[in-house]
Every structure is written in C-alpha cells, then in structure tokens.
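Encoded as structure tokens, the structure appears first; notes follow it.
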Amino acid sequence: MKLFGDSEFRKRFMKSGLPVALAVAWAPIIWMTLTALLGPLLLRLTSSFLAVQTIVLPLTLLSIFLFLRAFRVLSSRFYGEKA
C-alpha cells in the first residue's frame, strides 16, 4: 500500500505538511542550542532560569519562523510552477 497514491496529493503535502513537520522536528534542537549558547550569559544577567527560558523561547520561535520562510522560498524555486 502506497502512502501517497496521487502525485498531486504528494506535491500538496510537500508544500504544506513538510514545513510543519520540519518545524516540529527542529524546534527542540534549536531551543537546546540557544539555551546552551545564551543560557550562561543570560543566567548571570538575570539570575533566574525562568527568565532565561522566557527570553530563549521567543528567540526559538522566531528562528523557526525564519528557517521555515527560507525553506518555503527555496522549495518554491525547486517545485514552483513554470510559466
């Protein structure tokens, strides 16, 4: 049994579902990286781990958003409709 029987369904999924799956998969990795890089400095400045995570979480969401935008731009160049 094929997962994607129709090629049009596969293209629609690659345009909409794949970036969401990419964001879900990479969000913890980026969050841990930002925490490891910025955490010690922010912990010295704020003296609160909760404050550090309050700063790191929006940075993680912003970086995921920017990576997804870049991914969509690059994918439109590869899979875009030709006029």
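What you see below is based on every heavy atom in this structure, not just the backbone, and it leaves out hydrogens, waters and symmetry mates.
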Inset, instruction - Any chance you could measure Phe67, atom CZ, to Leu62, atom CG, to the nearest 0.5 Å? - result: 10.0 Å
Legend entry - Point-to-point distance, once rounded to the nearest 0.5 Å, from OG of Ser48 to CG of Leu42: 11.0 Å
Legend entry - Residue Phe71 excluded, over 12 heavy atoms near CZ under 6.0 Å: yes
Legend entry - Hydrophobic cluster identity match, Ile55 and Leu43, side-chain contacts under 4.5 Å: yes
Side-chain donor-acceptor pairs under 3.5 Å in residues 26-39, sequence neighbours left out?
unit_1: Trp31; atom_1: NE1; unit_2: Gln53; atom_2: OE1; d: 2.7
unit_1: Thr33; atom_1: OG1; unit_2: Ile29; atom_2: O; d: 2.8
unit_1: Thr35; atom_1: OG1; unit_2: Trp31; atom_2: O; d: 2.8

